[in-house]
2 protein chains.
Amino acid sequence: MAQEKNTEEQIIEAARKIFVKRGLDGARMQDIADEAGINKAMLHYYYRSKDKLFEIVFNEAFSKVVTPLGHILEGTRPIEEKIKEVIDHYITGISQVPYLPIFILSEVNQRPEIMIKRLNAQPSFGSIMNFMKEVIEAGKNGKIREVSPIQLFLNIVSLCIFPFVARPLVQGIFQQDNVQFDLLIEERKKMAADVILAWLKP
Amino acid sequence: MAQEKNTEEQIIEAARKIFVKRGLDGARMQDIADEAGINKAMLHYYYRSKDKLFEIVFNEAFSKVVTPLGHILEGTRPIEEKIKEVIDHYITGISQVPYLPIFILSEVNQRPEIMIKRLNAQPSFGSIMNFMKEVIEAGKNGKIREVSPIQLFLNIVSLCIFPFVARPLVQGIFQQDNVQFDLLIEERKKMAADVILAWLKP
DNA sequence: CCTTTGATTAACCAAATGGTTAAATCGGAT
DNA sequence: ATCCGATTTAACCATTTGGTTAATCAAAGG
């Protein structure tokens with residue numbers, strides 16, 4: 001193990017790894033300690049309890065995956081451009097942390113409470129609401145087909161995230177190795193935008 | 001609790017409820033026993049171990065959610081009709097068991113092994129392969145745009161399943177109650193097909 | 001040096017958990 | 001009524017697990 005770093009950050013790194021891989025219920029404090037190469041008591045010395053430690057890891061993951069959705073849709077370019085860019089950026093971003101979406105979705109489905117606080121303390125969804133208005137506007141102006149902005153948003157996120165969440169199934173059913181899967185994801189950056197824009201064409 | 005039924009089935013029902021809600025790691029044998037209104041030892045009397053019991057519940061869930069994908073695409077009607085129908089049927093089907101997709105995806109991501117056996121013992125994916133050929137054929141004939149059949153398949157499944165998997169997030173972000181969410185799902189039966197068919201238009 | 005203070009560890013603890021067992025109970029056949 | 005196998009239960013067991021504690025270590029300051 002690469003020691004050297006300060007204990008606090010070592011612990012967080014280890015906790016990230018174990019919690020994300022095994023979930024809150026499946027993770028063992030001892031495993032986190034082992035992963036960090038330290039004594040189990042240190043976990044409690046620095047972070048009180050398993051729940052507290054988990055909260056930190058979860059919030060961090062939530063920020064990486066959900067928050068970008070709030071920001072990335074800002075700007076003043078035409079809506080088609082925005083959509084193209086958000087899809088490309090988002091898939092690229094998730095590719096760096098492909099195991100986070102299923103982690104978040106699993107935990108949020110099992111314990112919706114952990115998300116409530118986070119959403120409230122997260123006013124960045126204002127920009128999503130802006131995007132919604134923009135969609136309605138563009139629909140009325142005939143620039144795009146008139147569609148439900150929520151459904152549009154859901155469609156974009158579905159096409160971007162689902163493949164990562166269903167990865168083992170996809171690879172199992174279509175007998176893909178990791179290289180093939182990465183290629184499939186790469187293709188989707190352009191394709192997902194094509195799908196959405198074809199639908200939006202007035 | 002409604003007693004009356006034979007113990008074996010009572011246990012399975014209780015196990016379904018607890019495992020699907022809490023996952024393998026989060027589920028407690030005692031909770032299953034309580035839910036079934038029987039002694040914990042009965043679980044082992046009828047089903048040896050927690051893992052064995054879980055396997056039954058998981059396989060059952062897998063059949064309900066994944067297997068239909070293999071069957072529903074059969075038949076000889078034009079491909080656009082098939083897609084429309086598969087989407088409508090599939091969303092309707094999942095609506096009856098909306099908590100199963102996240103259960104399956106969570107478990108499969110945590111323990112891909114449990115899926116491997118199941119996929120091998122499941123030759124019904126032959127019909128998916130048939131569908132793939134059909135897509136390529138239709139592409140060459142100019143009936144639809146030429147697209148990767150795997151991506152098409154993934155797009156369909158993404159649009160159908162993701163909303164159920166992300167339900168707490170969707171309801172949280174857009175402040176929807178259950179009625180509104182059901183409405184959103186109902187809308188998607190037609191909309192998801194529109195999205196796919198607009199993309200496929202040659 | 002010695003003391004102090006924060007960091008670290010081994011040992012420990014109580015509760016929870018999956019699983020077992022031996023005894024009790026039930027139900028039908030004789 | 002009695003026997004016999006299947007079913008059911010309470011009590012028990014070993015292990016795991018999150019968490020605590022008291023002792024040790026190490027560096028800083030005097």
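So you know, we letter chains A, B, ... as the sequences are listed, proteins then strands, and number each from 1. Values reported hereafter were calculated over all heavy atoms of this structure, with side chains retained and with hydrogens, waters and symmetry mates removed. Not measured: the values here are computed from a predicted model.
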Which nucleotide span of DNA chain C, 5' end to 3' end, has atoms closer than 4.0 Å to non-hydrogen atoms of chain A?
C:dG6 to C:dA10
What is the distance from [atom1] of [X] to [atom2] of [N], rounded to the nearest Å?
| X | N | atom1 | atom2 | result |
| --- | --- | --- | --- | --- |
| A:Met42 | D:dT24 | CE | C1' | 13 Å |
| B:His44 | D:dA10 | NE2 | P | 16 Å |
| A:Tyr45 | D:dC25 | OH | P | 17 Å |
| B:Leu43 | D:dA10 | CG | P | 14 Å |
| B:Asn6 | D:dA6 | CG | C1' | 14 Å |
| A:Asn39 | D:dA22 | CG | C1' | 13 Å |
| B:Asp34 | D:dA10 | CG | P | 12 Å |
| B:Met29 | D:dT15 | CE | C1' | 16 Å |

Measure the shortest side-chain to side-chain distance between B:Arg118 and B:Ser63 over non-hydrogen atoms and say whether it is less than 4.5 angstrom.
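The answer is yes, as the side chains (C-beta and beyond) meet within the 4.5 Å cut-off.
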Answer yes or no: is there an ion pair linking [X] with [Y], defined by an N-O contact shorter than 4.0 Å?
| X | Y | result |
| --- | --- | --- |
| A:Arg16 | A:Glu60 | yes |
| B:Arg111 | B:Asp25 | yes |
| A:Glu134 | A:Lys82 | yes |
| A:Lys84 | A:Asp88 | no |
| B:Glu55 | B:Lys117 | yes |

Sugar-phosphate only, base, or nothing, as touched by B:Ala27 at under 4.0 Å among non-hydrogen atoms:
sugar-phosphate
At 4.0 Å (heavy atoms only), tell me whether B:Tyr47 reaches a base, stays on the sugar-phosphate, or touches nothing.
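Touches nothing.
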Answer yes or no: is there a donor N or O on one side and an acceptor on the other, between the side chain of A:Glu107 and the main chain of A:Leu24, under 3.5 Å?
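Side chain of A:Glu107 to backbone of A:Leu24, a donor-acceptor pair under 3.5 Å: yes, one is there.
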Can you give me the bend angle of the helix from C:dC1-D:dG30 to C:dT30-D:dA1? Use the axis through the first five pairs and the one through the last five, nearest 10 degrees.
20°
Is there, by distance only and without an angle test, a donor paired with an acceptor across the side chain of A:Lys40 and the base of D:dG19 below 3.5 Å?
yes
Please tell me which of A:Ala41 and A:Gln30 maps to the more 5' nucleotide of DNA chain D, matching each residue to the nucleotide holding its nearest heavy atom.
A:Gln30
What's the verdict on side chain to side chain contact (heavy atoms under 4.5 Å, CB included) for A:Glu13 and A:Glu9, showing C-alpha distance, side-chain angles and the deciding distance?
CA-CA 6 Å; A:Glu13 263 174 46; A:Glu9 182 52 28; 3.8 Å; yes
Which class fits the ring pair A:Phe58 and A:Phe62: parallel under 30°, tilted 30 to 60°, perpendicular over 60°?
tilted
